[in-house]
Amino acid sequence: MKPFPVGGPREPVYNYLLSKGFIMSRHSDKFFTRADGQEVHLYGAGSMVRVYGADGKLLKDAQLAEAL
């Protein structure tokens, strides 16, 4: 079983991102940022992410467990 299944609970996703140093946006639970400027955008019911570097360039577009 995948650690972050489509339609699964949100709390494990949030806890995983927090453990990696990301902080949730005040405006959306789909956007997280880290002190180094890296950003994560969740989609696919939280099972997929796009990871952007501090320069705004897309670094990865993959399943959450694989991307981080």
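Counting begins at 1 with the first residue of the sequence.
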Just distance, no hydrogens or angles: give the donor-acceptor pairs under 3.5 Å from side chains in residues 31-40, sequence neighbours left out.
{"from": "Arg34", "atom 1": "NE", "to": "Asp36", "atom 2": "OD1", "distance (Å)": "3.2"}
{"from": "Arg34", "atom 1": "NE", "to": "Asp36", "atom 2": "OD2", "distance (Å)": "3.2"}
{"from": "Arg34", "atom 1": "NH1", "to": "Lys20", "atom 2": "O", "distance (Å)": "3.4"}
{"from": "Arg34", "atom 1": "NH2", "to": "Asp36", "atom 2": "OD2", "distance (Å)": "2.9"}
{"from": "Arg34", "atom 1": "NH2", "to": "Gln38", "atom 2": "OE1", "distance (Å)": "2.6"}
{"from": "Asp36", "atom 1": "OD1", "to": "Gln38", "atom 2": "N", "distance (Å)": "3.0"}
{"from": "Glu39", "atom 1": "OE1", "to": "His41", "atom 2": "NE2", "distance (Å)": "3.1"}

Donor-acceptor pairs under 3.5 Å, side chain of residues 4-16 to any protein atom, not counting sequence neighbours: which ones?
{"from": "Arg10", "atom 1": "NH1", "to": "Asp29", "atom 2": "OD2", "distance (Å)": "2.8"}
{"from": "Tyr14", "atom 1": "OH", "to": "Asp29", "atom 2": "OD2", "distance (Å)": "2.6"}
{"from": "Asn15", "atom 1": "ND2", "to": "Glu11", "atom 2": "O", "distance (Å)": "3.3"}
{"from": "Tyr16", "atom 1": "OH", "to": "Leu68", "atom 2": "O", "distance (Å)": "2.8"}

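Interatomic distance, Ile23 CD1 to Leu18 CG, rounded to the nearest 0.5 Å: 8.0 Å.
Applying the side-chain hydrogen bond (donor to acceptor under 3.5 Å, both in side chains) test to residues at least two apart or on different chains, the pairs with a partner in residues 52-62 are Tyr43-Asp61, Arg50-Asp61.
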